[in-house]
Asks: 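After the structure tokens below, expect a handful of questions from me.
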Amino acid sequence: MPLIMNGLTPIHWAVGGAGIAAVTLTLLFVGNRRLGVSTGFEDLCALVLDQPYFRRPSLRAGSGWRLPLLAGMVLGGVLSAVLGGGWEPTWALGTFDTMIGWGPAGKVAWMFVGGLLIGFGTRLAGGCTSGHGIFGLSNLELPSLIATVSFMAAGVVFTNLLYRVIL
Amino acid sequence: MLLLYLVLGTIFGFVLSRSGAADYDYIQGMFLFEQFQLYGIIGTAVVIGAPGLWLIKRYGRTATGQPIEIEAKPRHRGNIYGGMLFGVGWSITGMCPGPILVNIGEGKLYALAALAGALVGAGVFGAAYPRLARPLGLPPLQRGTGDG
């Protein structure tokens, strides 16, 4: 199955997994940091919000490395497109277009609602796919196993509900 | 050091972009059990990551000789409830937090709406933390639910 981006053929899963492991281990061995992306949302919130939660020192201490990591991830997406057939703005959304077919306004609403659940949910869970699913599981942490099983199960239920029951 | 994190983020983002981890169809294929790709990616990352982490912790020092200091994430009911909310959000958008950023970089315009939602969601969570902490058994505010 081709990627939505420029119809590229994806790299082998073993190469992708090894690349992610290399980033995780380098981040720890060189930077002394545990991989995690969703706390970066809090760093971005802390730029404008002043509640005690966003002023806690443990959060402020990490923004100096998490914000450049997040910026790099955007840059990685840009590079991937530029080197893989060219960068151009798009609304293309694969199966969503063929099965649901909403235009830009509908997609913005759909994505915003999904984003709300991602932002609130990952921070309530204490991590996301990277912090719990990759680092936490690799470090054999029980809370990460619980969170990973929870988000995988909920995703399986919702996607199956949407594409096999409702549609 | 800032450059290190920028470069690591760029490699991470590039790999997510090209492996299908930031692709709506591959995420739905994972949740429908029709595509092995994402299970292979996460599985490989953990199978290599676990012994690598063990070795680094056993060595006990970073490349520059500092002691390894990583805090384990606390266990609380938010692991389950938050995980479930996030799982639904992942299914709806086809993106977890990293791929939201990657998709923005790729030029997928709807990913900006997902980021806006995620920032509002995280903002509401942080503002509501003092009220959520007791009923959900969360750690003290200064600690938070866990970094990452």
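Here is how names work: the chains are called A, B, and so on, in the same order as the sequence lines, proteins then strands, and each is numbered from 1.
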Asks: Same hydrophobic cluster for B:Leu136 and A:Leu117, using side-chain heavy-atom links shorter than 4.5 Å among ILVMFWY?
Replies: yes

Asks: Is there a donor-acceptor contact under 3.5 Å linking the side chains of A:Thr159 and B:Gln28?
Replies: yes

Asks: Shorter than 4.5 Å, heavy atoms on both sides: which option in B:Arg143, B:Arg75, B:Lys57, B:Gln66 has the most such pairs with chain A?
Replies: B:Arg75

Asks: Which bit of A:Pro57 is near chain B, if near means a heavy-atom gap under 4.5 Å: side chain, backbone, both or neither?
Replies: both

Asks: Between B:Glu106 and A:Ser80, do the side chains contain a donor N or O and an acceptor N or O under 3.5 Å apart?
Replies: no

Asks: Which bit of A:Trp110 comes within less than 4.5 Å of chain B, counting heavy atoms only: side chain, backbone, both or neither?
Replies: both

Asks: Given the options B:Gly87, B:Gly105, B:Ala116, which has more heavy-atom pairs under 4.5 Å with chain A than any of the others?
Replies: B:Gly105

Asks: Give, as side chain, backbone, both or neither, the part of A:Leu8 having an atom under 4.5 angstrom from any heavy atom of chain B.
Replies: side chain

Asks: Out of A:Leu69, A:Leu70, A:Leu67, which one pairs with A:Asp43 under the side chain to side chain contact (heavy atoms under 4.5 Å, CB included) rule?
Replies: A:Leu67

Asks: Given heavy-atom pairs under 4.5 angstrom as the criterion, report whether the side chain, backbone, both or neither of A:Ala46 touches chain B.
Replies: neither

Asks: With a 4.5 angstrom heavy-atom cut-off, is it the side chain or the backbone of A:Phe54 that approaches chain B, or both, or neither?
Replies: side chain

Asks: Given heavy-atom pairs under 4.5 angstrom as the criterion, report whether the side chain, backbone, both or neither of A:Leu83 touches chain B.
Replies: both

Asks: What residue, out of B:Leu38, B:Asp147, B:Leu55, has the most heavy-atom pairs lying under 4.5 Å from chain A?
Replies: B:Asp147

Asks: Can you say whether B:Glu71 sits under 4.5 Å from chain A via the side chain, the backbone, both, or neither, judging by heavy atoms?
Replies: backbone

Asks: Should B:Val15 and A:Val23 count as side-chain neighbours, where that means a heavy-atom distance under 4.5 Å?
Replies: no

Asks: Quick check on B:Leu6 against chain A: is it the side chain, the backbone, both or neither that has a heavy atom closer than 4.5 Å?
Replies: both

Asks: Can you tell me which portion of B:Met1 sits under 4.5 Å from chain A's heavy atoms? Options are side chain, backbone, both or neither.
Replies: side chain

Asks: Under a 4.5 Å heavy-atom cut-off, does chain A meet the side chain of B:Pro67, its backbone, both or neither?
Replies: backbone

Asks: With respect to chain B, which residue among A:Ala81, A:Pro68, A:Gly36 yields the maximal number of heavy-atom pairs within a distance under 4.5 Å?
Replies: A:Pro68

Asks: Among A:Gly126, A:Gly133, A:Gly127, which residue has the highest count of heavy-atom pairs closer than 4.5 Å to chain B?
Replies: A:Gly126

Asks: Can A:Tyr53 and A:Glu42 be counted as having a side-chain donor-acceptor contact under 3.5 angstrom?
Replies: yes

Asks: What part of A:Glu141 lies closer than 4.5 angstrom to a heavy atom of chain B: side chain, backbone, both or neither?
Replies: side chain

Asks: A:Gly121, A:Ser150, A:Ala14: which one forms the most heavy-atom pairs within less than 4.5 Å of chain B?
Replies: A:Ser150

Asks: Which one of A:Val48, A:Leu35, A:Val113 has the most heavy-atom pairs closer than 4.5 Å to chain B?
Replies: A:Leu35

Asks: Taking side chain as C-beta onward, heavy atoms only, is A:Ile4 less than 4.5 Å from A:Thr90?
Replies: no

Asks: Who wins among A:Asn139, A:Val30, A:Leu75 for the most heavy-atom pairs under 4.5 Å with chain B?
Replies: A:Asn139

Asks: If you define the side chain from C-beta out and look only at heavy atoms, does anything of B:Arg18 sit under 4.5 Å from A:Pro10?
Replies: no

Asks: So which part of B:Pro74 gets closer than 4.5 Å to some heavy atom of chain A, the side chain, the backbone, both or neither?
Replies: backbone

Asks: Is it the backbone or the side chain of B:Tyr129 that comes under 4.5 Å from a heavy atom of chain A, or both, or neither?
Replies: side chain

Asks: Does any heavy atom of chain B fall under 4.5 Å from the side chain of A:Leu142, the backbone, both, or neither of them?
Replies: side chain

Asks: With no hydrogens and no angle check, just 3.5 Å: does a side-chain donor-acceptor pair link A:Asn32 and B:Thr62?
Replies: no

Asks: Between NZ of A:Lys107 and OG1 of B:Thr93, what distance do you get to the nearest 0.5 Å?
Replies: 13.5 Å

Asks: So how far is it from A:Leu93 CG to A:Trp102 CH2, rounded to the nearest 0.5 Å?
Replies: 11.5 Å

Asks: With a 4.5 angstrom heavy-atom cut-off, which part of A:His132 approaches chain B: side chain, backbone, both or neither?
Replies: both

Asks: Starting from A:Val157, can I reach B:Ile27 by hopping between I/L/V/M/F/W/Y residues whose side chains sit under 4.5 Å apart?
Replies: no

Asks: Select one option (side chain, backbone, both, neither) describing which atoms of B:Leu16 are under 4.5 Å from chain A's heavy atoms.
Replies: side chain

Asks: At a heavy-atom separation under 4.5 Å, does A:Arg164 approach chain B through its side chain, its backbone, both, or neither?
Replies: side chain

Asks: For the residue pair B:His76 and B:Thr145, establish whether any side-chain heavy-atom pair is separated by less than 4.5 Å.
Replies: yes

Asks: Quick one: of A:Arg66, A:Met5, A:Arg55, who has the most non-hydrogen atom pairs under 4.5 Å with chain B?
Replies: A:Met5

Asks: Where does the angle between the aromatic ring planes of A:Phe96 and B:Tyr24 fall among parallel (under 30°), tilted (30 to 60°) and perpendicular (over 60°)?
Replies: perpendicular

Asks: Please classify the contact between A:Ala153 and chain B as side chain, backbone, both or neither, with a heavy-atom cut-off of under 4.5 Å.
Replies: neither

Asks: Which answer fits A:Thr122, side chain, backbone, both or neither, if we ask what part of it has an atom under 4.5 Å from a heavy atom of chain B?
Replies: both

Asks: For B:Ile48, which atoms come within 4.5 Å of any heavy atom of chain A: side chain, backbone, both, or neither?
Replies: both

Asks: Which class fits the ring pair B:Trp90 and A:Phe151: parallel under 30°, tilted 30 to 60°, perpendicular over 60°?
Replies: perpendicular

Asks: Could you state whether B:Leu2 and A:Leu27 fall into the same hydrophobic cluster, counting links through intermediate Ile, Leu, Val, Met, Phe, Trp or Tyr residues with side-chain heavy atoms under 4.5 angstrom apart?
Replies: no

